[in-house]
Q: 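Pasting in a structure now, in structure tokens, and then I'll have a few things to ask.
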Number of protein chains: 2
Amino acid sequence: MATIKDVAIKAGVAISTVSAVINRSAPVSEDVIARVEAAIATIGYLPHGAAKALRSGNSRLIGVILPDITNPFFSMVARVIETVCMKAGYMTFVYNTDEDPEHEMRILQMMRMQRVAGMILISTRSDAAHGRRLMAAINVPTVLFGSNVEGTPYDVITLDDRKAGALAIDHLVELGHRRIAIIAGRPGVSTHDERLAACIEALQRHGIVLDEDLIIAADFVQQLAFEAGQKLLARADPPTAIFALSNLMLIGAMRALLAAGKTCPRDLSLVGIGDFDWPEIMSPQMTVVATPAVAMAEFAIGALLDEIDSKRPPAGKRTLFAPELIIRGSSAAVSIEEPLRDPLAI
Amino acid sequence: MATIKDVAIKAGVAISTVSAVINRSAPVSEDVIARVEAAIATIGYLPHGAAKALRSGNSRLIGVILPDITNPFFSMVARVIETVCMKAGYMTFVYNTDEDPEHEMRILQMMRMQRVAGMILISTRSDAAHGRRLMAAINVPTVLFGSNVEGTPYDVITLDDRKAGALAIDHLVELGHRRIAIIAGRPGVSTHDERLAACIEALQRHGIVLDEDLIIAADFVQQLAFEAGQKLLARADPPTAIFALSNLMLIGAMRALLAAGKTCPRDLSLVGIGDFDWPEIMSPQMTVVATPAVAMAEFAIGALLDEIDSKRPPAGKRTLFAPELIIRGSSAAVSIEEPLRDPLAI
DNA sequence: TGTATGACTCGAAACGTTTCGTGCAAGCGC
DNA sequence: GCGCTTGCACGAAACGTTTCGAGTCATACA
């Protein structure tokens, strides 16, 4: 490969002059610029990224760490981040943690080796111990996304998870449901903890006594949610509604319903968190608490690039995005054996 | 950040010795290894990726270029590649082209700047002109994936697209369909050209006269397939079956069907290429020609790493993966107004 | 006992850039 | 006409590694 030296020779100027032309970092006369650019074009020179990064101390690399790129929510987030970064002259490294905190730490190491200029981190744990490990492993501007982590100084962008939980429960209660099952994620992850806490609070607010057996943690994985759904449906007194705390777990629950030969919403109402790209191809169409993925991702990467450019320390600011309840066909008034709050709803 | 020099000082050895310990590239005595490792641990030293890459001439970076990571097929491919690369000590750069060849070339440039050791390229065009541009822009081991490109020396991994087209048409014809519409991609892309050619050939083989109006190119985009579906359904003599040549276009067609208030498969059969993760949540469940995404991706990255390690020039070998017809509820025997080939099929 | 061998360690050069101090010439004000 | 500034170009050092030739020491062998 051609180097900057080859360009310099070809153009008959010094190496530093070529550098000045490429980066427009110093005044260069018109005709020298022309000569250098011609030399670059004929030689086919492309700067060496690693050499640039080494010398300038600026890799112009952004790390994106997320649980699983095959989850449509995360792939959309990654997509948005990539687009914004590209415009700003950064490249992105996208890596999957598989919800494994050990793997998360390993990826963090790799990011540090690459000397990334900043990171968007969708962490798999939220507890303070994990927060401390994170702080020890992170030495660049970082924005936490999607889930919160206790006791870190970084900016945090999340859904208003409490509101999301309340929105769904309120909706189901209004439809007359009182035996509401919840397929939850994993204790110790803020998206689980906060959404679940909000659900419980909402249930109590409506005067519904909590049945612990109706709450099953499914680790945010589709298959476990499927099994949880089966367990719930096999009960002597099955719930009249299931609320799944993530998009994949909603799919798991729906599969359980189908496998059991039940009809939604006649036999059971189903609500989830996180919308789908083409809701109409599912049957029934899913009532969900939608997460504004694109807006959140744009905000997060904007905040990160800001922090990098301004060289300001993180403000430790938490930004919540409002969820939106989208009512579709999967939720309906509870069937008549149950007491109805609103007779018109049937 | 600590450098290798700091480690050397702390351990009381030479820089080159530290390097030898880290890379196990030369014999080092036990106690020196211990001292160096202790120094690394206490200082918290992590090698500088860019410096390593610059000096060694080996970035240990693999570029993955694909149309759109939010397409589940591609996100799964990216996932598999990432996992395999990680095990082999490579990191991956994943980039989206948005089916734009100009953007593809720009990304290729970025990859070259990063001096990637190899690339998996899912190109957006297949013609010879594009092939020439590619060859001018690629100077590292590369494996073409998913779609073929004319006249390049690289290895190519694709679905057996001809077989995929034939499989679907044969299936529909066996069900008695004779007015079969095809929602195609874009001329000049091998996944379009070969699949469509196979369809036409299969139709002729079955003695069906080709109706050009029933073939609509939708550029592989979901929304255009939706519009194509609407157009087809609005005809005075609508087709009895639609075959969509990609997963997203199948969804578009299905949406058109739903929007028109038609019932599948009663009013119309629907078949696509590329399977879905949870086929049961769609209604009806889709009959598809499934693409073995994981196996193909594993093979592709394996071939690439092989080529890199062996320093062999590309063999220019084309590997086809067999598609599999998965019959589900979206395809059925044509309704009785049409002549049936097999009366039992109804 | 001398020498060849092998195991280990070291120092310095090199990878391809950016950056900074220096030099030179021309333009300006006085 | 003189000194100052300004615009432009240059050379060399530095970024953090790897690599390679050379040096040291102990061991084994003749």
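A, B, ... follow the sequence lines: proteins, then strands. Residue 1 opens every chain. Since we're looking at a predicted model, the values are computed, not measured.
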Q: Let me test you: for the helix from C/dT1-D/dA30 to C/dC30-D/dG1, what is the angle between the axes at its two ends (five pairs each), rounded to 10 degrees?
A: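 Comparing the first five pairs with the last five, the axes sit 40° apart.
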Q: With sequence neighbours left out, which residue pairs that include part of residues 61-70 of chain B fulfil the side-chain hydrogen bond (donor to acceptor under 3.5 Å, both in side chains) condition?
A: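 The answer is A/Arg79-B/Asp68, B/Asp68-B/Thr70.
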Q: Say you draw a straight line from OG1 of B/Thr191 to CD1 of B/Ile122; how long is it, rounded to the nearest 0.5 Å?
A: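 So the gap between those two atoms works out to 10.5 Å.
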Q: Separation of A/Arg24 atom CZ from D/dC8 atom P, in whole Å?
A: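 The distance from CZ of A/Arg24 to P of D/dC8 comes to 13 Å, rounded to the nearest Å.
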Q: With a 4.5 Å limit on heavy-atom distance, are the side chains of B/Thr17 and B/Val32 in contact?
A: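 Yes. Closest side-chain heavy atoms under 4.5 Å.
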Q: Name the nucleic acid region contacted by B/Pro27, choosing base, sugar-phosphate or nothing; use a 4.0 angstrom heavy-atom cut-off, strictly under.
A: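 It contacts base atoms.
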Q: Measuring only between side-chain heavy atoms, which start at C-beta, is A/His192 closer than 4.5 Å to A/Phe220?
A: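 Yes - at least one pair of side-chain heavy atoms lies under 4.5 Å apart.
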Q: Please encode protein proximity along nucleotides 10-19 of chain C as a string of B, S and -, counting only heavy-atom distances under 4.0 Å.
A: BB-BBBBBBB
Q: What's touching nucleotides 26-28 of chain C from the protein side, N or O pairs under 3.5 Å?
A:
none

Q: Using the salt bridge (charged side-chain N to carboxylate O under 4.0 Å, His left out) criterion, which residues pair with A/Glu37? Sequence neighbours excluded.
A: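 If we apply the salt bridge (charged side-chain N to carboxylate O under 4.0 Å, His left out) test to A/Glu37, skipping adjacent residues, the hits are A/Arg24.
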Q: Quick test of your reading of the model: are B/Arg35 and B/Asp31 salt-bridged, counting only N-O distances below 4.0 Å?
A: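 So B/Arg35 pairs with B/Asp31 through a salt bridge.
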Q: Show me the pairs that pass salt bridge (charged side-chain N to carboxylate O under 4.0 Å, His left out) and involve residues 41-50 of chain A, at least two apart or across chains.
A: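 Of all non-adjacent pairs touching residues 41-50 of chain A, none passes salt bridge (charged side-chain N to carboxylate O under 4.0 Å, His left out).
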Q: Salt bridge check, B/Arg186 against B/Asp219: does any charged N sit closer than 4.0 Å to a carboxylate O?
A: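 Looking at B/Asp219 and B/Arg186, the cut-off is met.
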Q: Could A/Glu82 and A/Lys87 be called an ion pair, given the rule that one side-chain N must be under 4.0 Å from one carboxylate O?
A: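 A salt bridge is absent here (no side-chain N lies under 4.0 Å from a carboxylate O).
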Q: Report yes if the side chains of B/Tyr90 and B/Ile308 come closer than 4.5 Å at any heavy-atom pair, otherwise no.
A: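 Of all side-chain heavy-atom pairs linking B/Ile308 with B/Tyr90, at least one is under 4.5 Å.
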